[in-house]
Amino acid sequence: MAAVAIHQFAQCITCHAWSPDHSMVAFCPNNNEVHIYKLVREKWEKLHVLYKHDQIVSAIDWSLRSNKIVTASHDRNSYVWNQEGSEWVPTLVILRLNRAALCVQWSPKENKFAVGSGAKTVCICYYEEENNWWVSKLIRKKHNSSVTSVAWHPNNILIATTSTDGKCRVFSTFIKGVDARATGISSSNDAKFGEQIVQLDLSSTWTFGVKWSPSGNTLAYAGHNSMIYFVDDVGPSPSAQSVAFRDLPLRDVLFVSDRMAIGVGFDCNPMVFAADERGIWSFVRFLDERKIAPSSSKYSSQLLGSCTANRNME
């Protein structure tokens, strides 16, 4: 599969996010800035540079409906950026962290967002209209190491996390006055904020890239041991599957449907996984065509033939 286009925005990009209509992209060029580019007549033009963070920006998410950008940084802070006219105006969010913020994601209703951190905590941030600011509540004491990724369930209440402690966990983020009671997963209806719904101990290595399927019935995440995990019936008695592969580990996962997911990682070649009629997941193919190197046996036979020919000439 050939690339549609290649553009050199910076020497290194730590994170990025697309605008809702995919006409603009926001990214961090491995510093404390966020650059926003727009595609104009087949050329990318720099429109804005967002300055507020003191250290590297580690995560960006651009909301689909409200057109807000949220950023998280190693400086332990987060900002919500609102576009007012031609300018992006920041609002500081106090996360109360003592370690770097590592990942961030808006909730489906965009009335909350979650920040995973190196402080073994997850910050659930929501907007208080009375005080006109964003506040955060922390999920503590469950993670034993850094939180590498977060993913919201479609019901806007459950959130899944992965961590370098090798676990995947699901929590309730229900906030009175902000959320209505969930539907679809009965165990979450009566759960209080921060209550753990399930802990998955499927991997003995770091875990990354947790995602929910569009229906919210399946959860997937990757392990640093070149495995991907699919979990159905998330709750007290989940049904889990592990798919191993020979290639380098995955770093992130994306569902394109309830029965198909794409994993990307250190192999630089997206991998397609699919579930059959029985719900059994397996590796299907690579998205990019792989060039097959000549086999060692063929090379050896060619080398032997060359040596024989040289001896005959002597």
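What you see is a predicted model; the values in this text were computed from it and never measured. Starting from 1, each residue takes its place in the sequence as its number.
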Do [X] and [Y] have side chains that approach each other closer than 4.5 Å (heavy atoms only, starting at C-beta)?
X	Y	answer
Val115	Val122	no
Val93	Cys125	yes
Asn67	Pro20	yes
Leu138	Ser136	yes
Phe255	Ile262	no
Val170	Trp212	yes
Ser146	Leu102	yes
Lys211	Asp252	yes

Would Phe283 and Phe273 count as a close aromatic pair, with their ring centres under 6.0 Å?
yes
In sequence, state the C-alpha distance, the side-chain angles, and the governing distance for Asn31 and Ile56, and then conclude on side chain to side chain contact (heavy atoms under 4.5 Å, CB included).
CA-CA 5 Å; Asn31 58 20; Ile56 289 177; 5.5 Å; no
Backbone of Lys192 reached by a side-chain donor or acceptor of Glu195 within 3.5 Å
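It does hold such a pair.
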Taking the side chain from Ser117 and the backbone from Ala101, do they hold a donor-acceptor pair closer than 3.5 Å?
no
Side-chain hydrophobic cluster, 4.5 Å single linkage: members besides [X]:
X	value
Trp18	Phe9, Ile13, Val25, Phe27, Tyr37, Leu39, Trp44
Trp206	Phe208
Ile36	Met24, Val34, Leu47, Leu50, Val57, Ile60, Trp62, Ile69, Tyr79, Trp81, Trp88, Leu92, Ile94

Take Phe174 and Phe193 through the test ring pair (Phe, Tyr, Trp, His ring centres under 6.0 Å) and record every step on the way to the result.
CA-CA 5 Å; Phe174 180 82; Phe193 177 88; 9.5 Å; no
Reported [atom1]-to-[atom2] distance for the pair [X] and [Y], which is rounded to 0.5 angstrom:
X	Y	atom1	atom2	answer
Asp61	Ser78	CG	OG	10.5 Å
Asp267	Leu250	CG	CG	8.5 Å
His7	Glu42	NE2	CD	9.0 Å
Thr162	Arg169	OG1	CZ	10.0 Å
Gln55	Asp75	CD	CG	6.0 Å

Can you list the residues that meet the side-chain hydrogen bond (donor to acceptor under 3.5 Å, both in side chains) rule with Ser19, with sequence neighbours excluded?
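Ser19: side-chain hydrogen bond (donor to acceptor under 3.5 Å, both in side chains) contacts with Asp21.
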Considering only residues two or more places apart or on different chains, which pairs with a residue in residues 105-115 satisfy side chain to side chain donor-acceptor pair (under 3.5 Å)?
Ser66-Glu110, Ser107-Asn111, Ser107-Asn156, Asn111-Asn156, Lys112-Thr173, Lys112-Asp179
For residues 238-246, which side-chain donor-acceptor pairs fall under 3.5 Å, sequence neighbours excluded?
from, atom 1, to, atom 2, distance (Å)
Gln241, OE1, Trp281, N, 2.9
Gln241, NE2, Gly279, O, 2.8

Asp165 with Lys167: basic N within carboxylate O range, under 4.0 Å:
no
